[in-house]
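Just so it is clear: chains get the letters A, B, ... in the order the sequence lines come, proteins before strands, and each one is counted from 1. As a basis for the values below, the full set of heavy atoms in this structure was taken, side chains included, without hydrogen atoms, waters or symmetry mates.
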Amino acid sequence: MADLPKTFEPRAIEERWYAHWESGGLFRPERGEQEPWTIVMPPPNVTGSLHIGHALDITLQDVLTRRERMLGKDALWVVGTDHAGIATQMVVERNLEERQDKRTNYSRDQFVAKVWEWKAESGGAITRQLRRLGASCDWAHERFTMDEGFSKAVTHVFVELHKRGLAYRDKRLVNWDPKFQTAISDLEVETREVQGKFWTLSYPLADGSGAIQVATTRPETMLADMAVAVHPEDERYKSLIGKQVKHPITGRLIPIVADEHADPQLGSGAVKITPGHDFDDFEVGKRAGFKPAEMLNMFDATAHVVQTSDSLIPEQLLGLSREDARKAVVELLEAQDAIERVEDRVIPTPYGDRSGVVIEPWLTDQWYVDAAKLAKPAIEAVKSGKIKIVPETWAKTWFNWLENIQPWCVSRQLWWGHRIPAWYAEDGHVFVAETEEDARAEGGGKPLRQDEDVLDTWFSSALWPFATLGWPDETEDLKRHYPNDVLISGFDILFFWDARMAMQGIEFMGEVPWRTLYLHGLVRDAQGQKMSKSKGNTVDPLGLIDKYGADALRFTLAAMESQGRDIKLDEKRVEGYRNFATKLWNAARFLQMNGVGASDSIAAPAAELPVNRWIIGEVVETLAKLDAAFDELRYDEMADAIYHFVWGTFCDWYVELIKGTFDEETKAVASWAFDQILVMLHPLMPFITEDLWAAMGERPYELIVARWPEPEAQVDPQAKSELDWLVRLVSEVRSARTELNVPPSAKLNLFAADASEETAACLDRNHAMISRLARLDSIQLSAFPGTGAAQVVVDEATFALPLEGVIDFESERDRLSKGAAAAEKERDSLAQRLSNPNFTERAKPEAVDKARADHEAKSAEAGRLRAALERLG
RNA sequence: GGGCGCGUAGCUCAGUGGUAGAGCACACCCUUCACACGGGUGGGGUCGUAGGUUCAAACCCUACCGCGCCCACCA
């Protein structure tokens, strides 16, 4: 048994134990015969570094994984990284820019090679950081979404979806990001409220009979106007329907059409229609008979003005940015007095969530996935309970999103990612196939050109629960570990990732990806603000680990994780749990000094002494609480149960009680109970527990693979009530001492009056412990004959502590009166309730019985306290 | 415009139809031979507001006030 150093230094042990676990293959021992248990880690971006949100996510997963492993299961925690298309391409492009270089100086293949180079050099930062947290995942089979095998799965899925008619190419408006020059999905667009203007413009009728006023928030797009719409029932405009308008800047003749989209209440009631640059207008345009291919486009990929196909945009506007074009157009309109009104207004404006620039609706050919079809079984899976969402309030959000889902744009105009397996012949014919050879075969040997685009990163990560297990091959892992048991993710990726995993998993595996979906909240700063780099209020988990240890950080995050609500992280909490670790450490030191080491039995040792029988029962009850908390995924309750047991029960009472009496039985029980603590605490605090496990003695195996306790031992009710009584007695005496300002060093005599035989026996059995903890000189089973004693009431007995001359009668009278008054107040309120026939007749019988019993107890207590007050004189 | 969540001790949060809990902070005492990252004791809450249901509500219902988030095409 190694002597423990005086203080606990997390730094010194964390690295050593992690390396030991990993090199020893202890994260996934060979357990092919055992029941499998599976969880996949949301693959962090390969460009990422560990932030506090990861720390929470990883902690929650590791806690479950470690326990399942201790339960003896073949626990698999899949780990890997995501190629993160846009993010990674950006990083590499930025590196090039720093050297006055740029992506377009290279061929596609050359650039992609550079990305792989970057990944090899600096792509693994986050995986090192996961280790610092103690993540016990299966590194031996670490995956990457661009690995050959995984890529094969991605291609296969796309080809299959195409075959099944669930992936198709379409020309329609997409959310175009002019900064990254790629399409993005609806989910990657965030709407921000921006202060803008609402213009009312005057468009002259072509026949010279007047003008019609139209409203817009984006005057620059008028250059591609193709119609003016009015409501079919709007009396003001009915007669104009079918007439033409001469566009004030381009001179284009455009029709006035009837469409319900035009809201008579809004602005003038007439609206300009720009089908190529507005989602609503696109629909109106289609209804008005325009084909997407005919719709006018006035922007290039960077959102600068280009000539429309009818060449009607004035020369001086070409090449202008959106912003400049707006100014120029407004000036031109002002010059011809065509602006009726300008109002200030808050405009909901779409922004790219990564680029931060305004998204342009742009008419392009893209690949879409028929999400609505895939969504149906995913909705059903939750409805039927095949997937259980925790907390279940999120189910509503799940349904709401999936029921209203739009086609998913999956093509991206990037170089880094899974290239879309589609090939085009010169006649435009498209062949979708797993390989170029297959495509060529299908195309009859015609020359083919592969699609330039790559797939949305989320398209591939949606396959994570099965493609990491070897799919489409039918591997042993796949058979054993799909469906996964649980998925843990932040609710911020519920749509991006979770829902898409469910859709793809059900479509391709015929089975839900996981049985339970646990959603946790976001970590916020102590003020409740969302953490962001720009605000500078981020908490660096690695800094906290350096300062307080990984165990303390993990325990904090678990303790604060309650049913998915957001976590306001306060460093003080981490400090507090670091103190908890130190407390445990010192308890171990103390036990060690007294000859307590590793327990030699898994089952609770036989014990005679009440204190030992009691602590065994307390372990059993703590285990039950923990097991229940695990079953319900209540991390706060797990932390709470073990924290209070270790500190409030084991350290504060058991260790204090057994001080000085380390007989063989006590040593055996203390060893066993402490071992149970280490086992039960290990999922939350793996490092310190593993270290203490080793420090306490020779072990046949590491704690990480030790067995989670089974509730074999019993709670002894007798011992429980005896120790419960003892704790109350000691607490009462201590309280009286403090309130009466008795110096801690003074030892008192205790007289017990009215003690039952049982109480007398308890006093006798435990007199040494009671005397030490309550600082007593002697205990006598008789009423104190004199006056001037402090008195405390515990159950039926009244105890007197003579304080000859020391006692302050006033203080003691106050103290006793306060206690009596409190008891009487409760007694009276219970009496009142019991005198109400409505209560005794209608309330549950248990409630009535309990009220009666409580009433009796409170009456007796009040009586004893009043009697004590009398005696005081 | 829909949907969700939250408002409980100074702070951060649990909580259950039957007389309010924890941690931290605070006050007082203690250099007791594991631990001052400690020990002991204590103060502190009309459980957002107003109604309703009930024998009984902080817990259920309704409305309102305040805060936050998500979804949605009001040009």
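With both ends at atom P, the span from B:C59 to B:C69 equals 27 Å, rounded to whole Å. One P atom belongs to B:G45, the other to B:A9, and the distance between them is 11 Å to the nearest Å.
Using a 4.0 Å heavy-atom criterion, one finds that A:Arg345 contacts the sugar-phosphate atoms exclusively. Heavy atoms of A:Ala851 sit nowhere under 4.0 angstrom from any nucleic acid atom. Within the 4.0 angstrom heavy-atom criterion, base atoms lie near A:His261. Heavy atoms of A:Phe198 sit under 4.0 angstrom from at least one base atom. The residue A:Pro837 sits apart from the nucleic acid: no heavy atom pair falls under 4.0 Å. In this structure, A:Lys818 reaches the sugar-phosphate backbone alone: every heavy-atom distance under 4.0 Å involves primed, P, OP1 or OP2 atoms, never a base. At the heavy-atom level, A:Asn836 lies under 4.0 Å from the strands shown only through sugar-phosphate atoms. Contact annotation for A:Gly269: base contact, defined as any heavy-atom pair under 4.0 Å involving a base atom.
Distances shorter than 4.0 Å separate none of the side-chain N or O atoms of A:Thr397 from OP1 or OP2 on B:C4. Applying the 4.0 Å criterion to OP1 and OP2 of B:C28, one finds that A:Thr738 has every side-chain N and O outside that range. One finds no side-chain N or O of A:Lys572 lying less than 4.0 angstrom from the OP1 or OP2 phosphate oxygen of B:C11.
Comparing A:Thr840 and A:Ser735 along RNA chain B, the residue whose closest nucleotide (by nearest heavy atom) sits nearer the 5' end is A:Ser735.
Side-chain polar atoms of A:Asp551 and A:Tyr577 form no donor-acceptor pair below 3.5 angstrom.
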Nucleotide N/O of nucleotides 17-19 of chain B paired with protein N/O under 3.5 Å:
from, atom 1, to, atom 2, distance (Å)
B:G18, O2', A:Arg833, NH1, 2.9
B:G18, O2', A:Arg833, NH2, 3.1
B:U19, O4, A:Glu826, OE1, 2.6

Taking N or O atoms only and anything under 3.5 Å, show me the protein contacts with nucleotides 32-38 of chain B, one pair per line.
from, atom 1, to, atom 2, distance (Å)
B:A34, O2', A:Asn586, OD1, 3.0
B:A34, O2', A:Arg589, NH1, 2.9
B:A34, N7, A:Lys659, NZ, 3.3
B:A34, N6, A:Glu656, OE2, 2.8
B:A34, N3, A:Asn586, O, 3.1
B:A34, N3, A:Ala587, N, 3.3
B:C35, O4', A:Asn586, OD1, 3.2
B:C35, O2', A:Asn586, ND2, 3.4
B:C35, O2, A:Lys583, NZ, 3.0
B:C35, N3, A:Lys583, NZ, 2.8
B:C37, O4', A:Asn579, OD1, 2.9
B:C37, O2, A:Arg578, NE, 2.8
B:C37, O2, A:Asn579, OD1, 3.2
B:C37, O2, A:Thr582, OG1, 2.5
B:G38, OP1, A:Asn579, ND2, 3.2
B:G38, O3', A:Lys583, NZ, 3.1

Give every pair of a protein N or O atom and an N or O atom of nucleotides 56-59 of chain B that lie under 3.5 Å apart, one pair per line with the distance.
none

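Relative to the side chain of A:Arg573, the nucleotides B:A75, B:U12, B:U41 differ in distance, and B:U12 lies closest.
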Task: salt bridge (Lys or Arg N to Asp or Glu O under 4.0 Å) evaluation trace for A:Glu739 with A:Arg734 - done: CA-CA 9 Å; A:Glu739 287 190 39; A:Arg734 281 174 173 171; over 6 Å; no
Task: Residue pair A:Glu190, A:Arg192: steps toward the salt bridge (Lys or Arg N to Asp or Glu O under 4.0 Å) verdict - done: CA-CA 6 Å; A:Glu190 63 175 50; A:Arg192 296 186 206 160; 3.2 Å; yes
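Aromatic ring orientation, A:Phe580 versus A:Trp647: parallel (interplanar angle below 30°, classes split at 30° and 60°). Aromatic ring pairs are classed by plane angle as parallel below 30°, tilted from 30° to 60° and perpendicular above 60°; the pair A:Trp401 and A:Phe495 is parallel.
B:C28 is paired with B:G40 under the Watson-Crick or G-U wobble criterion, all donor-acceptor distances under 3.5 Å.
Here the C1' atom of nucleotide B:C71 and the CG atom of A:Leu402 are 13 Å apart, to the nearest Å.
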